[in-house]
Amino acid sequence: MPAAPSNNPNSKNPLRGAVEIIPDRLYYCALKSPPTNHKILLRNRKQEKVPVKCFSVDEELVYWNFFLDFGPLNLGQLYRFTVLLNSL
């Protein structure tokens, strides 16, 4: 099972409940606001503390709906997201 941040509701870790996409490299976590502490450390599978880089696409990717839909971003926005992700 992947080592992901604790899902304990009493935890002060802003990444609690994050979903591991690429083992020890990429996690997804929906936050209400950006983390205030920019020096977040996470333990990897070897129990080493590694720094975490957080980023948000809220200001960069715009959702353009078609009529009354609420589906995913269009392919242009998806491409912009992959370019941003690859630049990290």
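Along the sequence shown, residues are numbered consecutively beginning with 1. Values below: every heavy atom of this structure, side chains too, minus hydrogens, waters and symmetry copies.
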Next on the checklist: Within the structure provided, determine whether Pro51 and Leu41 are in side-chain contact (heavy-atom separation under 4.5 Å).
Outcome noted: yes

Checklist entry - Does Phe55 share a hydrophobic cluster with Leu78, counting links as ILVMFWY side-chain heavy atoms below 4.5 Å and allowing steps through other members? => result no

Checklist entry - Just by distance, do the side chain of Gln77 and the backbone of Phe81 share a donor-acceptor pair under 3.5 Å? => result no

Next on the checklist: Would you say Tyr28 ends up clustered with Leu73 if hydrophobic residues are merged whenever their side chains have heavy atoms under 4.5 Å apart, either directly or through other cluster members?
Outcome noted: yes

Checklist entry - Under a 4.5 Å cut-off applied to non-hydrogen side-chain atoms, are Tyr27 and Leu42 in contact? => result yes

Next on the checklist: Would you say Leu31 ends up clustered with Leu88 if hydrophobic residues are merged whenever their side chains have heavy atoms under 4.5 Å apart, either directly or through other cluster members?
Outcome noted: no

Next on the checklist: So Leu85 and Leu26, do their side chains get closer than 4.5 Å, heavy atoms only?
Outcome noted: yes

Checklist entry - Should Val57 and Val19 be regarded as members of a common hydrophobic cluster, given that ILVMFWY residues are connected when their side-chain heavy atoms come within less than 4.5 Å of each other, either directly or indirectly? => result yes

Item to check | Hphob cluster co-occupancy, Leu84 + Ile21, side-chain heavy atoms under 4.5 angstrom | outcome: yes

Item to check | More than 12 heavy atoms of other groups within 6.0 Å of Tyr63 OH | outcome: yes

